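First the structure, which I've put down as structure tokens, then a few questions once you've had a look.
Note that the coordinates shown come from a computational prediction; the quantities given were computed from them, not determined experimentally.
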Number of protein chains: 2
Amino acid sequence: MAVRRQPTLRDVAAAAGVAVSTASRALTRPGRVNADTADRVVAVAKELGYIPSASARALLSGRTATVALVLPDVTNPFFFGLVRGTGARLRESGYVQVLADTEESAEVEADTLRKLRGQVDGAVLAASRLSDEQIAAAAADLALVVVNRTIPGTPGVLLDTAGGMVRALEHLASLGHRRVAYASGPATSWSDGRRREALLPAAARLGVELVVVGPYAPVRQAGAQAADAALAAGATAVVAFNDLLAFGVLERLDALGVPVPERMSVIGCDDIFGADLVRPALTTVESPVERAGRMAADLLLARLEGDQTDDEPTGADLDDEPLAHPRDAADPVLLPTHLVVRSSTGAAG
Amino acid sequence: MAVRRQPTLRDVAAAAGVAVSTASRALTRPGRVNADTADRVVAVAKELGYIPSASARALLSGRTATVALVLPDVTNPFFFGLVRGTGARLRESGYVQVLADTEESAEVEADTLRKLRGQVDGAVLAASRLSDEQIAAAAADLALVVVNRTIPGTPGVLLDTAGGMVRALEHLASLGHRRVAYASGPATSWSDGRRREALLPAAARLGVELVVVGPYAPVRQAGAQAADAALAAGATAVVAFNDLLAFGVLERLDALGVPVPERMSVIGCDDIFGADLVRPALTTVESPVERAGRMAADLLLARLEGDQTDDEPTGADLDDEPLAHPRDAADPVLLPTHLVVRSSTGAAG
DNA sequence: ATGAAAGCGCTAACAG
DNA sequence: CTGTTAGCGCTTTCAT
């Protein structure tokens with residue numbers, strides 16, 4: 001197991017009867033070396049099973065061809081799409097994806113980010129628990145792209161779940177609901193704040209009374225409390241922070257014998273795996289998470305590949321070409337969401 | 001973004017007024033240096049925000065403190081537990097986890113493994129699509145632990161799903177089922193072979209007629225065909241290769257108006273997220289996937305940490321101490337599974 | 001077109 | 001206890 005010493009470039013060069021520098025060129029810039037020599041080197045390298053050392057390359061170039069995806073909780077199905085989306089995009093460009101779970105802790109997250117510096121070329125930071133300032137600080141040391149967060153100067157991808165929730169409310173209003181509960185997510189969740197900001201005026205406009213209950217942890221178990229709270233509030237419908245919570249609400253209502261959607265309509269958010277499996281199937285706000293992941297990776301790679309301007313750029317350059325590469329055009333990309341109506345919503349009881 | 005040059009050990013040494021080697025020692029072996037000096041160096045390092053270069057360390061030591069988890073498909077919920085289990089264990093020991101998706105392709109897998117060599121200290125290989133020989137070959141270059149696979153000389157963790165399926169069959173037999181369909185998984189799946197080997201004799205013993213249908217891709221969509229095949233075979237119960245497939249079976253039966261479990265019992269495997277959410281809730285073979293992940297990581301780390309015997313061991317050592325560290329005691333760990341009975345199984349129609 | 005040599009950041013001898 | 005030196009594997013000047 002893992003014993004055999006790996007052949008180095010020196011071995012290849014020796015076997016091919018050339019200098020290491022020639023071997024290096026033959027392998028990386030075949031054009032800048034005699035065709036015959038190049039072929040020979042390549043052949044020898046292949047025969048020896050030579051694989052360039054990533055560490056040596058990284059040490060020399062400062063680039064690791066590795067990107068981290070930093071998440072509060074790898075097991076939350078919501079993030080699966082991100083893992084997949086960023087992973088796919090990164091792989092396409094020959095990057096390696098490393099996964100970092102911060103266990104919902106701001107401290108662990110800050111620590112992770114610090115350690116990551118130097119290990120990776122950049123990171124996609126999703127649903128960060130850090131403050132704007134902390135993120136901005138981290139962004140000074142490590143190429144960062146944030147998902148579902150707005151940090152001035154840092155590129156980001158936003159999923160418009162707030163908009164989706166407004167459409168969910170409109171849907172409920174059209175079904176005759178007049179008293180709707182919003183089962184809110186973690187107090188530290190940036191998304192949750194945005195949604196509340198969007199839901200309140202929308203409710204007023206629609207003539208719907210919105211009762212905010214919570215905050216709840218975005219997990220199934222918390223759904224029981226949310227269901228009870230919605231019931232107690234006299235709501236005929238409940239919009240949950242996410243599908244996990246909505247699943248829990250459905251379970252609780254089922255256990256209580258409250259028919260869905262006859263006496264209570266339920267709407268989730270994210271359309272995670274399972275939303276169409278539960279009975280009744282869950283009406284939910286679908287967000288293109290995988291696309292968000294791809295896009296986040298895209299943004300990051302663009303920065304990374306663009307950072308070819310190694311040697312300290314002159315001051316002049318900094319102020320020039322504001323069009324080609326506008327400094328503060330890091331306006332986050334906003335991805336639209338849409339409401340998927342299933343059987344968990346119906347006319348107001 | 002990511003501009004500021006990181007301080008190196010040299011910067012720290014200079015700022016502290018010592019030689020780099022002293023700074024190095026102060027930071028890594030505080031005991032072997034004057035306490036005052038050490039304190040000063042540490043203070044300076046902290047002030048400068050010094051972080052040792054992983055690349056340089058790796059280049060020098062040959063160890064990257066990184067372990068890869070290689071999977072055929074990151075999006076398959078079955079693997080979530082593995083991601084979580086290995087990730088948790090690795091993090092505990094200060095290792096970084098990298099995720100590699102081989103897209104269900106043996107070629108991509110072989111390629112990935114080759115590239116990984118040098119980038120990581122070892123890898124956990126789950127549900128490999130490679131042949132035993134290919135895996136054994138890869139294991140010569142990279143510390144490997146396999147999950148759900150038996151490779152002589154390579155440590156592994158096995159989930160006893162075959163045993164679980166036999167218990168599932170016993171459960172069905174006790175409910176009076178006499179004709180049961182097994183919706184088999186991919187032909188290349190090692191697990192599937194094991195299960196068939198276990199199910200056939202068990203069926204004979206139980207006086208149950210087992211009809212093997214398939215093979216099917218382990219995905220929801222394939223469940224429709226499986227359901228139809230089970231129906232056509234006149235079975236009163238179907239055991240599916242995995243929960244994903246079972247979900248599809250449930251959906252199809254629902255669409256066809258076949259009541260579950262009245263006219264058809266359904267059993268899945270893995271107890272993935274959602275198995276208790278579907279209606280009727282799915283009876284399934286639960287396997288401790290997360291534990292398997294932890295254990296796989298454990299085995300790998302044991303090898304890694306144990307591999308302190310750098311300089312080529314003498315031939316003598318190889319034959320000695322067969323007890324302390326038995327060479328071929330790489331007997332795979334077998335983790336027990338158990339049947340979770342839910343409402344998708346009932347008495348034979 | 002090719003070789004020799006320097007050096008990325010760090011640690012491990014080897015002096016002193 | 002601390003400084004000097006060498007070298008991990010590679011790319012990249014700089015010569016030739």
Exercise. Rounded to the nearest 0.5 Å, how far does OG of S105(A) lie from CG of D73(A)?
Worked result: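 One finds 12.5 Å between CG of D73(A) and OG of S105(A).
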
For this session: Give the rounded distance in Å between these two atoms: CG of L27(B) and P of dG9(C).
Result: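 Atom-to-atom, L27(B) to dG9(C), this comes out as 16 Å.
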
For this session: Rounded to the nearest 0.5 Å, what's the gap from OG1 on T66(A) to OH on Y95(A)? Could you check?
Result: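 Rounded to the nearest 0.5 Å, the OG1-OH separation comes out at 9.0 Å.
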
For this session: Taking atom types as modelled, find out whether Q97(B) and R91(B) have a side-chain donor-acceptor pair closer than 3.5 angstrom.
Result: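 Judged by distance alone, the side chains do not pair up.
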
Exercise. From T22(A) OG1 over to R40(A) CZ, what is the distance, rounded to the nearest 0.5 angstrom?
Worked result: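 Reported value, rounded in 0.5 Å steps: 10.0 Å.
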
Exercise. Are the charged groups of D132(A) and R149(A) less than 4.0 angstrom apart, N to O?
Worked result: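 Yes, charged N to carboxylate O under 4.0 Å.
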
Exercise. In Å and rounded to the nearest 0.5 Å, what is the CD to CG distance from E305(A) to L300(A)?
Worked result: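 If we round to the nearest 0.5 Å, E305(A):CD and L300(A):CG are 9.5 Å apart.
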
For this session: Could you check whether S61(B) gets within reach of a base, just the sugar-phosphate, or nothing at all, counting any heavy atom under 4.0 Å?
Result: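 Result for S61(B) = nothing.
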
For this session: Find the distance L60(B):CG to dA13(C):P and express it as a whole number of Å.
Result: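 For the pair L60(B) CG and dA13(C) P, the rounded distance is 10 Å.
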
Problem set entry | Whole angstrom value for the distance that separates P of dA1(C) from CG of D39(A) |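 After rounding, the reported distance stands at 14 Å.
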
Exercise. Reckon R29(B) has a side-chain N or O less than 4.0 Å from the OP1 or OP2 of dT11(C)?
Worked result: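 It does not, given that no N or O in the side chain of R29(B) lies less than 4.0 Å from OP1 or OP2 of dT11(C).
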
Exercise. Whole Å only: how far is the CZ atom of R117(A) from the P atom of dG9(C)?
Worked result: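 So the two atoms are 14 Å apart, to the nearest Å.
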
For this session: Could you tell me whether S24(A) contacts a base, only the sugar-phosphate backbone, or nothing, with contacts defined as non-hydrogen atoms closer than 4.0 Å?
Result: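 Contact class for S24(A): base.
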
Problem set entry | Toward the 5' end of DNA chain D, by each residue's nearest nucleotide, L59(A) or G31(B) |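 Nearest-nucleotide comparison on DNA chain D picks G31(B).
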
Problem set entry | Reported CG-to-CG distance for the pair L130(A) and L125(A), which is rounded to 0.5 angstrom |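 The CG atom of L125(A) is 6.5 Å from CG of L130(A), to the nearest 0.5 Å.
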
Exercise. What nucleotide among dT2(C), dC14(C), dA4(C) has an atom nearest to a side-chain atom of S21(A)?
Worked result: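 The nucleotide sitting nearest to the side chain is dA4(C).
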
Exercise. Base, sugar-phosphate, or nothing for S55(B), non-hydrogen atoms under 4.0 angstrom?
Worked result: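 Nothing, no nucleic acid heavy atom in range.
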
Problem set entry | chain B contact limits on DNA chain D, taken 5' to 3' with a cut-off of 4.0 angstrom to heavy atoms |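 Going 5' to 3' along DNA chain D, contacts run dC1(D) to dG9(D).
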
Problem set entry | Nearest-Å distance for atom pair CG/P, residues L9(B) and dG7(C) |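 Nearest whole value for this atom pair: 18 Å.
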
For this session: Respond yes when some side-chain nitrogen or oxygen of R25(B) is under 4.0 Å from OP1 or OP2 of dT11(C), and no when none is.
Result: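 Checking R25(B) against dT11(C): no side-chain N or O falls below 4.0 Å of OP1 or OP2.
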
For this session: Return the value, rounded to whole Å, for the distance between atom CZ of R40(A) and atom C1' of dT2(C).
Result: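 Spelled out: CZ on R40(A) to C1' on dT2(C) is 12 Å.
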
